[in-house]
Each structure stands twice: as C-alpha cells, then as structure tokens.
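Notes to accompany the following structure.
Letters go in sequence order (proteins before strands), and every chain restarts at 1.
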Amino acid sequence: MSTVRVRFAPSPTGALHIGGVRTALFNWLFARHHQGTFVLRVEDTDKTRSTDESIRIILDGMKWLGMDWDEGPFRQTERMDIYRSHVERLLKEKKAYYCYCSPEELDFRRKEAMAAGRPPKYDRKCLSLTAPVEGRTPAVRFLSQDDGETIVRDLIRGAVTFENKQLDDLIILRSDGLPTYNFAVVVDDVTMHITHVIRGDDHLNNTPRQIQLYQALGHEPPAFAHLPMILGPDKTKLSKRHGATAVTEYADLGYLPEALVNYLARLGWSSGDQEIFSRDELIAKFSLDNVGKAPAVFNPEKLVWLNHHYIQQADPARLAGLLLDLLRKDGVVQAGKEPEGAWMQKLVSILTERSHTLLEMKTSSLPFIQDDITMDEKAKAKHLTPEVAPMLSELAASLRTLEPFTHDAVEKTFNDLVNARGVKLGKLAQPVRVALTGGTVSPGIYDVIEVMGRDKVLKRIEAAVGMIG
RNA sequence: GGUCCCAUCGUCUAGCGGCCUAGGACGCUGGCCUCUCACGCCGGAGACACGGGUUCGAUUCCCGUUGGGACCA
C-alpha cells in the first residue's frame with residue numbers, strides 16, 4: 001500500500017473555526033494512524049479576505065491542539081505559476097477554452113434559461129469562438145463532459161452518482177488571472193500527491209467536477225471522504241451567532257486542548273461505547289470506517305464535562321502555570337511577584353475537583369490570592385450573625401498558636417470547638433467559610449484554612465467579627 | 001428552483017437481519033455521601049420519523065413520503 005498523504009487546507013479569512021478544526025483533526029488522525037504525511041496548505045487566493053493575521057491564528061490553533069504537520073504551510077498565492085501552466089496545458093489540449101462573456105451577460109442568460117424552465121447552465125457561447133473578442137479580457141473555462149455520469153466513490157458515503165449533463169463548464173481561471181477554488185484544489189492535490197481527500201460534506205457537490213479535472217489532467221483521483229457537518233443547537237451550520245466557534249475562544253474560556261480534541265473526535269466518529277480517549281488511543285483507533293454520515297449538533301455541555309475530566313487528570317504544575325497566566329492577564333498577579341510554585345500547586349490541588357474550566361478555577365482562586373475579598377451580602381446576613389461571633393473569636397485564638405498549621409490540626413481544632421459548644425460542625429464551618437472567602441461555596445474548610453495561611457485567615461476572621469460588631 | 005447528502009433518547013452515539021422488552025455518554029431527575037458547593041456512588045424518566053415492501057424474522061435491506069442539511073446560483 002502506498003504511503004498515505006493527506007492535507008488540511010484552510011482559507012485564512014478569519015479565525016480557525018470548530019468545523020475546520022474537526023476536519024483538520026480527522027486528517028491528522030488518519031495520517032498519524034497510517035504513519036502517513038500531513039500537509040498544511042493555506043488557500044489564500046482570495047486576496048481581499050485573506051490576511052497574514054489569520055494564517056498566524058490558524059497555525060497557533062493547530063499547535064495549541066497538538067496537530068503537527070509534516071509539510072507546509074504552502075500558500076496558494078506562491079503557486080500561481082503552477083496553476084497558470086496547468087491552465088495553459090488544458091488550453092493547448094483543447095480541454096479548456098477562453099470565455100469572453102461578462103458577468104452581466106451570464107446573469108441575464110441564466111435568468112432567461114430559468115424563466116424558460118431550463119437549468120441555469122453555461123450555454124457554451126464562447127466555445128465556438130475562433131478569434132478573441134476585442135476589448136475584453138477572457139476567463140478560461142473547463143470543457144466538461146456532457147454525456148454519461150461521474151461517480152464519486154466516497155469512503156464514507158459509498159458511490160454517489162452525478163449526471164454529467166448537470167455539470168456545466170466551470171471557470172478555472174478568472175479574467176483577473178486568479179485560479180478558481182475548484183481548479184486550484186485539484187492542481188494542488190495532484191502536485192502534492194495527496195492520496196486521501198478528507199473534507200467537509202459541503203464539498204461533495206464539487207467533487208464530480210474535480211474528478212473530471214483530474215481526468216483531464218491525466219491523473220487518477222485520490223480517495224474521497226466527506227465528513228458530516230457540525231451544526232449549531234438550531235441544527236443549522238455552526239456560525240458566529242451560536243457563540244464561541246473559534247478555537248482561540250475555547251482557549252480563552254479555559255478549556256484544555258485535550259478536552260477539545262477528545263470532544264471533536266467523538267463528533268461524527270466513535271469506537272464502541274468509549275468516550276474518553278488519550279491522544280495515542282485516538283491515533284490507534286481512528287478509522288474512516290467508524291465515521292458517521294449524519295450531521296452532528298455541537299453540544300457545549302459535554303465539552304464542559306470532558307474539560308472537567310481532563311482538569312482532574314492534568315499535572316498540577318501545568319494547571320498552576322495556566323492559572324498563573326490567567327491571573328496575570330487579569331492583572332491580579334504582577335509579573336515578578338508570582339506566588340511560590342509549590343504553594344500554587346497546593347492551591348490548584350484543592351480547586352481542581354470543582355473546576356469545570358480554568359476560568360472557574362481562576363475565580364475560585366481569588367480569595368487565596370488577593371488581599372481583599374468580595375463579601376456576598378446575602379451570605380453575610382445569613383451566616384455572620386451575632387451568636388457566632390464568640391465562637392469565631394475563640395477559633396481565631398486557637399488558630400493563632402496552632403502548630404503545625406495543617407489540614408489535620410485545623411480539623412482537630414474545629415472538632416474540639418464544636419464538641420465543647422455542643423453545636424454541629426456546619427454551625428461553625430459555614431460562618432468561617434463566609435468570613436474567609438466572602439461566599440458560601442469553597443473547597444473543604446480545613447483545606448481552605450491551610451492553603452490560605454495563618455495571616456489571611458486570622459485577619460479575615462477578625463474582620464468578620466468586627467463586622468458583626 | 002435544480003443537484004446531492006442525511007434520518008436511533010433533548011444532544012453525541014452503539015447497533016452492520018434474530019444477542020434489542022434497543023446499549024453507553026452528556027444533560028435532566030430521585031437518593032446516598034457531606035462543613036458549603038462540587039466530586040463520587042446507586043436508581044429513574046427518555047429514541048429506532050412515517051408508510052409500503054423483501055424475509056420465517058426487520059432499528060438493521062429496498063422503495064416512497066415527510067423532515068433536515070449542503071452545494072449551485
């Protein structure tokens with residue numbers, strides 16, 4: 001079997017989109033599974049909408065997700081000579097012809113055809129031309145077959161048949177000298193020796209034309225695999241109005257790349273009942289045979305669940321680093337004045353369990369990092385009442401001299417205190433929690449006290465007592 | 001409008017003629033655990049779009065209908 005060569009070919013006209021990432025992922029997994037080559041190609045012929053900034057964002061997104069490429073990134077704008085020489089060849093072989101029709105004329109005739117109930121297909125007016133039309137720059141059209149049918153043998157859909165008479169002579173080179181999408185793709189895939197074209201479903205209708213181009217160019221078409229689309233909750237094509245759709249946004253929202261990869265892999269692909277896949281498992285188990293045909297709705301809740309799972313699995317040192325990045329970004333922590341690494345890891349370890357995203361973790365870390373807390377008035381009214389003040393004072397007194405200042409020792413202090421007073425633990429723990437964090441939700445109170453440290457703890461309990469005053 | 005694709009719980013999916021009174025996961029929900037919130041554990045509700053065939057037997061094969069999507073303009 002020949003070596004597998006696949007490609008991902010995004011247009012740099014904006015952010016790296018979730019749908020695009022899934023396509024990239026399946027190509028990447030396919031390549032890695034078969035120990036093949038993964039080519040990255042930037043389809044930037046649309047000069048008005050393509051930007052270098054977009055290219056950078058796309059490459060960053062790929063790197064963030066751990067999808068490395070073996071060749072490229074190639075840019076179509078650097079390959080114009082290649083497209084033109086292929087156009088020349090087709091013209092010479094009479095497989096293409098110049099077309100001088102203006103957009104207005106084409107539009108008029110199209111409407112005319114439709115009004116007459118005929119398919120709006122190019123009428124080959126210019127095919128019979130023997131001399132150039134004065135004062136006009138021609139486009140080049142591909143002379144397609146009008147008899148028989150073209151069959152797309154798709155690895156996911158099976159054989160899909162198109163009648164050739166439905167296909168019209170597509171423009172391969174525009175009058176401004178730029179190749180059209182369908183032509184550039186074919187030339188690129190031929191010259192880059194792509195063996196498997198794995199792409200979105202939205203290109204299935206383009207495929208028969210492309211197959212004809214392969215044939216005209218004298219090349220065997222690659223294998224095709226058309227992936228089902230990813231839809232928004234309203235079952236239409238995923239787009240901006242569905243919320244976050246760019247990979248970078250997920251990074252900013254506090255998602256781990258492995259969570260996004262795992263989630264995207266399971267969108268349209270499955271391996272029995274398994275939900276959690278490591279990168280290596282994905283590579284080992286990925287197969288086009290297990291890709292579904294139906295479009296999939298993007299479900300943010302399941303992504304959150306996976307993210308939570310991967311946060312639990314992640315190395316605390318790594319999480320501490322990511323958390324620090326977020327804190328720095330918000331200006332909560334200044335560069336050069338970061339808390340000690342070991343302490344950050346301890347903090348992370350008590351926050352991990354209830355963090356579904358890094359953003360959540362950042363929020364819950366604030367009482368431990370900042371000098372001041374934001375007091376939730378409702379929590380204060382409910383828990384910081386006059387009758388708990390003496391108990392809080394007593395606790396502060398005990399904690400002032402407690403050695404060692406650890407989870408277990410703090411626990412003993414709490415137990416002694418509530419036993420002596422004959423109250424339930426919650427009667428003490430909740431007021432302390434509110435005093436220390438400003439709210440009613442936090443990790444276990446002994447953990448909170450140990451990690452927060454004696455100074456902050458005493459200061460805040462005393463402040464709470466003062467507030468009850 | 002034409003062409004093409006698709007159709008299992010709300011969502012992601014398993015199922016490739018009998019193992020299915022349809023399995024798993026997210027979400028929802030009842031309970032347990034418990035210093036709060038989570039986590040975790042145990043339980044529950046919840047789907048084969050419809051109609052014809054084929055077959056001893058259809059979620060599974062074929063046809064049609066309906067519904068959704070994409071592409072071309």
In whole Å, what separates the [atom1] atom of [N] from that of [M]?
{"N": "B/C4", "M": "B/C42", "atom1": "C1'", "result": "49 Å"}
{"N": "B/A25", "M": "B/A14", "atom1": "C1'", "result": "11 Å"}
{"N": "B/G46", "M": "B/U55", "atom1": "C1'", "result": "32 Å"}
{"N": "B/C32", "M": "B/C39", "atom1": "C1'", "result": "14 Å"}
{"N": "B/G17", "M": "B/C62", "atom1": "C1'", "result": "14 Å"}
{"N": "B/G67", "M": "B/G15", "atom1": "C1'", "result": "23 Å"}
{"N": "B/U65", "M": "B/G2", "atom1": "P", "result": "13 Å"}
{"N": "B/C72", "M": "B/C16", "atom1": "P", "result": "38 Å"}

Would the A/F414 and A/Y446 ring centres measure less than 6.0 Å apart?
->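 Yes, the ring of A/F414 comes within the 6.0 Å limit of the ring of A/Y446, centre to centre.
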
Could you tell me if the ring centre of A/F286 sits under 6.0 Å from that of A/W269?
-> yes

Under a 3.5 Å cut-off for both distances, is [N] Watson-Crick or wobble paired, and to whom?
{"N": "B/G2", "value": "B/C71"}
{"N": "B/C16", "value": "none"}
{"N": "B/C41", "value": "B/G31"}
{"N": "B/A58", "value": "none"}
{"N": "B/A49", "value": "B/U65"}
{"N": "B/A25", "value": "B/U11"}

Rounded to whole Å, how long is the line connecting atom [atom1] of [X] with atom [atom2] of [N]?
{"X": "A/L231", "N": "B/G67", "atom1": "CG", "atom2": "P", "result": "18 Å"}
{"X": "A/I276", "N": "B/A25", "atom1": "CD1", "atom2": "P", "result": "11 Å"}
{"X": "A/D201", "N": "B/C4", "atom1": "CG", "atom2": "C1'", "result": "9 Å"}
{"X": "A/E301", "N": "B/C9", "atom1": "CD", "atom2": "P", "result": "17 Å"}
{"X": "A/D168", "N": "B/A73", "atom1": "CG", "atom2": "C1'", "result": "10 Å"}
{"X": "A/Q274", "N": "B/A25", "atom1": "CD", "atom2": "C1'", "result": "12 Å"}
{"X": "A/R199", "N": "B/C71", "atom1": "CZ", "atom2": "C1'", "result": "12 Å"}
{"X": "A/F162", "N": "B/G2", "atom1": "CZ", "atom2": "C1'", "result": "13 Å"}

Nucleotide-resolved protein contact map, nucleotides 11-22 of chain B, B/S/- at heavy-atom distance under 4.0 Å | SBSS--------

With sugar-phosphate taken as primed atoms, P, OP1 and OP2 and all else as base, the protein-contact string of nucleotides 36-50 of chain B at under 4.0 Å (heavy atoms; B, S, -) is BBBS-----------

List the steps, then state whether salt bridge (Lys or Arg N to Asp or Glu O under 4.0 Å) holds for A/D168 with A/R209.
-> CA-CA 9 Å; A/D168 63 354; A/R209 310 158 170 282; 3.7 Å; yes

Regarding the side chain of A/D202, the nearest nucleotide among B/C26, B/C35, B/C71 is B/C71

Classify the ring geometry between A/Y255 and A/Y250 as parallel (under 30°), tilted (30 to 60°) or perpendicular (over 60°).
-> perpendicular

Specify whether A/H226 and A/F224 have parallel, tilted or perpendicular ring planes, treating 30° as the upper limit for parallel and 60° as the lower limit for perpendicular.
-> parallel

If you measure from the Lys or Arg side-chain nitrogens to the Asp or Glu carboxylate oxygens, is any gap between A/D147 and A/K165 under 4.0 Å?
-> no

Pairs satisfying side chain to side chain donor-acceptor pair (under 3.5 Å), at least one member in residues 398-423 of chain A, at least two apart = A/E394-A/R421, A/R400-A/E462, A/E403-A/R454, A/K412-A/D416

Is it the case that more than 12 heavy atoms not belonging to A/K427 sit under 6.0 Å from its NZ atom?
->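 Result for NZ/A/K427: open.
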
Crowded around A/R318 CZ? As in, over 12 foreign heavy atoms under 6.0 Å?
->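 Yes, enclosed.
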
Indicate yes or no for a side-chain donor-acceptor contact from A/K362 to the backbone of A/L326 under 3.5 Å, with no hydrogens or angles considered.
->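 No: the side chain of A/K362 does not pair with the backbone of A/L326.
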
Just checking, any donor-acceptor pair under 3.5 angstrom between side chains of A/Q430 and A/R433?
-> yes

